[in-house]
Enquirer: 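Below are the structure tokens for one structure; questions will follow.
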Amino acid sequence: MSLRRSQDLPRFLSDPPLEARCGPTSGGLATNVGGARELAFVVTARTGLVGLSLITSIMVVRVLGPSDFGAFALCIAYVKLFASFLGDALDNAVVRQAPVYLVEDRPRAIGLIQSSFSLRLVAGLLLFAVTLVFAPQVAPNFFGETASPSLLIVASLGILGDLLMRSALSYFQSSKSFGRLLAVEFVVQAGRFGLVAGVALAGQLDASKAVSIFVGVPFVAFAIGVMLAPRDLFVPQPSGRSEMRSVLHYSKWMVLAGAAAAVCERLDLFLLGHFRGLEDTGIYAAALLLATVPEIIEGGIGTVLNPRIVEENSAGRFRALQRIYLRWAVPSCLGALVVAFAVAPWGIETFLSPRYVDAIPIFKIQIVGALFWMALGPPASALVAYTAPQRLVLFATTSLFTRAALGLTLIPFFGVTGAAIGYSATRIILALCILWLGGQAARSGPGVGEASTASATPPR
């Protein structure tokens, strides 16, 4: 459950605006925007920013080559491993209540936002300190025996930067300041694109500089967010302690579910880095960059679909809505699979460069699982999150153990191919599981949870 929300193209590479997938922001955004015209503008703009993120990631892939890109991908995976589940939980804690408080009790809303920010700051600094201590022992397991721990230490700063930036985004979303939200997100995506392009044109781009760019830009975006925020946001509120307890109470289950999901989504990369080295990791990550492009479409679908699921389930019409979705999604995904298989050789050699020709069969395996999930999963996953968010922990744990079992069994012997098979097999198994859970939830009637939970999707 990311704030694909993912993310986020591959969630270990891109930083789509609050995970511009079928995630916490998508549902909240759809329910908070006042008019269809504003909704269309925000969704279009954010889709464009995700596209810009994809272009930036492709530039990094082309310039670095498989081995250096493998090191880069592992560093970004480390950032997203922690920033995604901590950020998602705290974003949800703010967005589920702050929009109402900002209208009815602004001091309480500010106390909530300040509490969330304090937790982000403490978590980010603590993780940086832990990495500083243990990087010399951890780095050789992923970057090779002679690796310097400095790359991992620099990457750990990205956790803090990501959490701080998202604190600004969650406030702007809650206050419906979508122009400012998009401004901050634009700084992130355009800043990364411009810096990567400039350094690449100068012939100076390597894994270390690429990681530094991806880590550093969110700090700049956060500073701009601070300048755009109203001044009363920085005045301490007496309700801060009670709101801190409220945030911690709400977030405990979300953090557990998100932590399992975050490890699950990036486990293949870490296992490849450990067992097979940076070259194989880079090949796999490059293929996954393209294989998870359907998540961009899923994010747009979730923006429109999630709020309707809340309404339709309350009226007992979820099954009808799901049938309509499946009627369109299944043949569309089958057609997309045929196209993906046909254009994979040309697409990978053209966009990623001929150095990634070994990624072609890997992409074909991965895209099967990605499209299978998209064909069956989104409506049921949103419904389960709405009606039984406590099941997210069980679902995420099942996802993690499935991926771990397949990865530990396949990757040591079959390398990149084994990782791709594990990825697709997990997606297929989880899509079938969530389809069954969705059917159970629909039979049990309308959910009793808060509507804001509908914006979350079970991790996969």
Side-chain angles (χ1 to χ4, degrees), residues 9-13 57-58 60-81 131 134-152 155 206-208 210-211 214 262-292 344-345 348-349 352-370 399-428:
L9 314 230
R11 286 169 287 276
F12 61 88
L13 281 181
S57 297
I58 288 176
V60 175
V61 174
R62 288 182 62 88
V63 175
L64 293 188
S67 183
D68 281 351
F69 181 66
F72 169 81
L74 284 169
C75 287
I76 302 305
Y78 180 70
V79 173
K80 295 301 177 185
L81 175 65
T131 304
F134 291 102
Q137 289 76 38
V138 174
N141 285 308
F142 299 114
F143 304 123
E145 292 297 329
T146 61
S148 167
S150 60
L151 194 60
L152 193 61
D206 56 21
S208 178
V211 170
F214 272 68
V263 174
C264 178
E265 290 169 1
R266 296 159 184 90
L267 185 60
D268 290 351
L269 287 174
F270 294 130
L271 289 177
L272 278 169
H274 179 72
F275 287 114
R276 309 294 290 200
L278 295 180
E279 183 89 11
D280 281 3
T281 304
I283 292 292
Y284 180 83
L288 193 61
L289 175 67
L290 298 181
T292 52
I348 288 177
E349 291 192 40
L352 302 186
S353 83
R355 288 183 292 178
Y356 290 90
V357 66
D358 290 342
I360 294 171
I362 307 307
F363 166 79
K364 290 181 177 180
I365 297 171
Q366 292 168 339
I367 196 66
V368 172
S399 305
L400 175 58
F401 279 109
T402 302
R403 182 71 66 88
L406 290 171
L408 290 170
T409 302
L410 298 173
I411 289 174
F413 301 102
F414 301 103
V416 185
T417 301
I421 293 172
Y423 169 85
S424 278
T426 302
R427 283 295 180 98
I428 291 169

Enquirer: Got a donor-acceptor contact below 3.5 angstrom from the Arg403 side chain to the Cys264 backbone?
Expert: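 Between the backbone of Cys264 and the side chain of Arg403 there is a qualifying donor-acceptor contact (under 3.5 Å).
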Enquirer: Counting C-beta onward and ignoring hydrogens, is there a side-chain heavy-atom pair between Phe72 and Cys75 closer than 4.5 Å?
Expert: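 Contact flag for Phe72/Cys75 side chains = no.
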Enquirer: Is there a side-chain contact between Ile362 and Thr417, using heavy atoms and a 4.5 Å cut-off?
Expert: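 Yes, close enough: below the 4.5 Å cut-off.
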Enquirer: Apply ring pair (Phe, Tyr, Trp, His ring centres under 6.0 Å) to the pair Phe270 and Tyr78, showing each step before the final yes or no.
Expert: CA-CA 9 Å; Phe270 294 130; Tyr78 180 70; 7.4 Å; no
Enquirer: Which is it for Ile348 and Val357 under the side-chain contact (heavy atoms from CB on, under 4.5 Å) test, yes or no, and what are the steps along the way?
Expert: CA-CA 7 Å; Ile348 288 177; Val357 66; over 6 Å; no
Enquirer: Looking at every non-hydrogen atom in both residues, tell me the closest pair between Ala210 and Val60 and how far apart they are.
Expert: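 Of all heavy-atom pairs spanning Ala210 and Val60, the closest is CB-CG1, 4.4 Å.
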Enquirer: Checking Thr281 side chain against Gly70 main chain: does a donor-acceptor pair fall under 3.5 Å?
Expert: no
Enquirer: Could you tell me if the side chain of Ile421 sits less than 4.5 Å from the side chain of Leu406, heavy atoms only?
Expert: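 No, too far: nothing below the 4.5 Å cut-off.
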Enquirer: Can you name the nearest heavy-atom pair linking Val79 to Ala155, along with the distance?
Expert: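 Looks like CG2-O, 3.0 Å.
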Enquirer: Any chance you could measure Asp268, atom CG, to Gln366, atom CD, to the nearest 0.5 Å?
Expert: 8.5 Å
Enquirer: Which value, rounded to the nearest 0.5 Å, describes the distance between Glu349 atom CD and Ile360 atom CD1?
Expert: 5.0 Å
Enquirer: Which of these, Leu352, Leu288, Asp358, sits in a side chain to side chain contact (heavy atoms under 4.5 Å, CB included) with Ile283?
Expert: Asp358
Enquirer: Considering all heavy atoms of both residues, which atom of Ala286 and which atom of Val61 are nearest to each other, and what is their separation?
Expert: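 Closest heavy-atom pair between Ala286 and Val61: CB-CG1, 4.0 Å.
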Enquirer: I need the Arg62 CZ to Ser57 OG distance, nearest 0.5 Å.
Expert: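 If we round to the nearest 0.5 Å, Arg62:CZ and Ser57:OG are 14.0 Å apart.
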Enquirer: Roughly how far, to the nearest 0.5 Å, is the CG atom of Leu267 from the OG atom of Ser399?
Expert: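 With rounding to 0.5 Å, OG (Ser399) is 12.0 Å from CG (Leu267).
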Enquirer: Show the numbers, then the answer: is there a side-chain contact (heavy atoms from CB on, under 4.5 Å) between Arg276 and Val416?
Expert: CA-CA 8 Å; Arg276 309 294 290 200; Val416 185; 6.0 Å; no
Enquirer: Centres of the Tyr423 and Tyr284 rings: under 6.0 Å?
Expert: no
Enquirer: Is the shortest side-chain heavy-atom distance between Leu278 and Leu74 below 4.5 Å?
Expert: yes
Enquirer: Which heavy atom of Gly407 sits nearest to which heavy atom of Pro412, and what is that distance?
Expert: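 Distance-wise, the nearest heavy atoms are O-CD, 3.4 Å.
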Enquirer: Ala344 and Lys364: which non-hydrogen atoms are nearest, and at how many Å?
Expert: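 It is CB-CE, 4.0 Å.
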Enquirer: With rounding to the nearest 0.5 angstrom, report the CG to CG distance, Leu272 to Asp280.
Expert: 6.5 Å
Enquirer: Which heavy atom in Ala77 sits nearest to a heavy atom in Leu269, and how many Å separate them?
Expert: CB-CD1, 3.9 Å
Enquirer: Is there a donor-acceptor pair closer than 3.5 Å between any side-chain N or O of Ser67 and the backbone N or O of Glu279?
Expert: no
Enquirer: How many angstroms lie between atom CG of Leu81 and atom CD of Glu265, to the nearest 0.5 angstrom?
Expert: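 Between atom CG of Leu81 and atom CD of Glu265 there are 9.5 Å.
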Enquirer: Quick one: does Thr402's side chain have a donor or acceptor within less than 3.5 Å of a partner on Thr426's backbone?
Expert: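 Side chain of Thr402 to backbone of Thr426: no pair is present.
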